[in-house]
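In what follows, a structure is listed as structure tokens, so that the remarks can point back to it.
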2 protein chains.
Amino acid sequence: MDVKTLCLGLLTQGAASGYDLKKRFETCFKSFYSAGYGSIYPALAYLADTDLVTCEEISQDGRPDRKVYRITDKGRDYFTEALASHQPAHKMRSEFLAMIFFAEFIPPDRLNKLIDERAEELQQILKELEAMSDTLAKHPDSGVEFVAGFGQTITRAALDYMQQYRHLLTKETSAQRQAS
Amino acid sequence: MDVKTLCLGLLTQGAASGYDLKKRFETCFKSFYSAGYGSIYPALAYLADTDLVTCEEISQDGRPDRKVYRITDKGRDYFTEALASHQPAHKMRSEFLAMIFFAEFIPPDRLNKLIDERAEELQQILKELEAMSDTLAKHPDSGVEFVAGFGQTITRAALDYMQQYRHLLTKETSAQRQAS
DNA sequence: AGCGCCATGTAAGTGGTTACATGATTGT
DNA sequence: ACAATCATGTAACCACTTACATGGCGCT
């Protein structure tokens, strides 16, 4: 599932420009997937080339032109087929955890800062996931509901764990006791 | 934190070959980071070039030669500095969640299979995290303990959520009711 | 006066994955 | 016999990131 396919998926929810799509990525996928303009715009160009989407150019006064993309029947078929046949890979690289793994090499102040910053990021994600849940009253969708709930559950578990066990990390280690 | 730096980090726990290091990646980082030979071997060559590690070639009979890498003082300094100054990014791309987000386009059988497979992967990760916790009795380390506990907490939360809420996904959607 | 939003795109660079190449030993 | 483990490496490829390029409007 590359950015191309996911753009196609988001376009099933309604026509959008590249700019709009980036926002959808941020609101819908923030907790588990990200995409920048550098991948979205080329993806849309490719999708238009292969007739999976159509593109309508719209002039606006006082604003830059927009290119509004709409999924075609061919595109919808392609997307359904991708969902049916693709094996989902789960690629994760948490530099936060990788660094914390080596906590014994990090001074307590720095550790506290790292945890606080990560906690703040998670709080932010939690807020957006809760906002996503709120929109479900208007547009019910089982997939969105499951994913939003999943994100909230995991994020809360992560925050709780960090608060409960952060003291493990900032206790003095034997090496640090010797140095002082 | 690229593979280079993490190889250096793992070498603080003792000398190892590239082959060994891959296993360490798998046991220590499986739940949040991955690296293949294609990144590990070039990383070690680079680290040796820049004197952050030394390399000792060991001939074995009946087995291929090994190259055992050891971290140098310069390497240890470099690693400590990396931990002190690097801003950790968390890059996650869960194709599983991305696909589930579009559950309304996926037939129930396929959804069940996707969830079962993901659950199995998580069970496997949980097992290895529990094994990691067991080794802590022998080699206590606050960072390892925190990360192992974190992984277990999150993984269990994910498994619980999936079992509790999977029914949301396989309930018939309005579109499917119309089709039948 | 300056920042942030709207809006699109390209080009160069990065870093990791996959496939290839080789081959003996040990366990089933 | 056959698969898995041990063991190292390269080269081509791929997908995404970052920096660059452009520019008006609206708010404070």
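Below, read A as the first sequence line, B as the second, and so on, with proteins coming before strands; counting in each chain starts at 1.
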Closest to the A:Val3 side chain, choosing from D:dC6, D:dC16, D:dG9: D:dC16

So, is A:Arg93 close to the C:dG15 phosphate, meaning a side-chain N or O under 4.0 Å from OP1 or OP2? no

Please compare B:Gly18 and A:Tyr33 by the position of their nearest nucleotide in DNA chain D and report the one closer to 5'. B:Gly18

With a 4.5 Å limit on heavy-atom distance, are the side chains of A:Ile125 and A:Leu129 in contact? yes

If each of A:Arg66 and B:Tyr37 is mapped to the nucleotide of DNA chain C with the nearest heavy atom, which maps nearer the 5' terminus, i.e. the 5' end? A:Arg66

In terms of the angle between their ring planes, are A:Phe32 and A:Phe29 parallel, tilted or perpendicular, with boundaries placed at 30° and 60°? tilted

Contact class for A:Gly38 (heavy atom, under 4.0 Å): base, sugar-phosphate, or nothing? base

Whole-Å gap separating P (D:dG9) and CG (B:Asp49): 12 Å

Residue-phosphate contact under 4.0 Å: A:Gln60 side-chain N/O, C:dA7 OP1/OP2: yes

Integer-rounded Å distance: D:dC6 C1' and B:Ile58 CD1: 14 Å

Integer-rounded Å distance: C:dA7 P and A:Arg24 CZ: 13 Å

Any Lys/Arg nitrogen of B:Asp20 or B:Lys67 sitting under 4.0 Å from an Asp/Glu carboxylate oxygen of the other? no

Are A:Glu130 and A:Lys127 ion-paired here, with the side-chain N under 4.0 Å from a carboxylate O? no

From D:dT17, C:dG16, C:dC6, pick the nucleotide closest to the side chain of A:Tyr19? C:dC6

Nearest nucleotide by nearest heavy atom, which residue falls closer to the 5' end of DNA chain D, B:Pro42 or A:Met1? B:Pro42

Can you tell me the distance, in whole Å, between the CD atom of A:Glu26 and the C1' atom of C:dC6? 14 Å

Do any side-chain nitrogens or oxygens of B:Lys23 fall under 4.0 Å of OP1 or OP2 in D:dC6? yes

From D:dT17, C:dT8, C:dG16, nucleotide with atom closest to A:Ser17 side chain: C:dT8

Would the distance check show the side chain of A:Asp77 and the main-chain N or O of A:Thr80 forming a donor-acceptor pair, the cut-off being under 3.5 Å? no

Whether A:Lys67 contacts C:dG9 is assessed here as follows: a side-chain N or O lying under 4.0 Å from the phosphate OP1 or OP2. Is that the case? yes

The answer to which of A:Ala45 and B:Pro64 contacts DNA chain C further toward the 5' end, by nearest nucleotide, is A:Ala45

Heavy atoms under 4.0 Å, any strand shown: does B:Tyr46 hit a base, just sugar-phosphate, or nothing? nothing

As a test of reading the structure: which of D:dT8, C:dT8, C:dT17 is closest to the side chain of B:Tyr41, going by heavy atoms? D:dT8

Atom CG of B:Asp20 to atom P of D:dT5: distance rounded to whole Å? 15 Å

B:Asp2 has a side chain; which of C:dT8, C:dG16, D:dT17 sits nearest to it? C:dG16

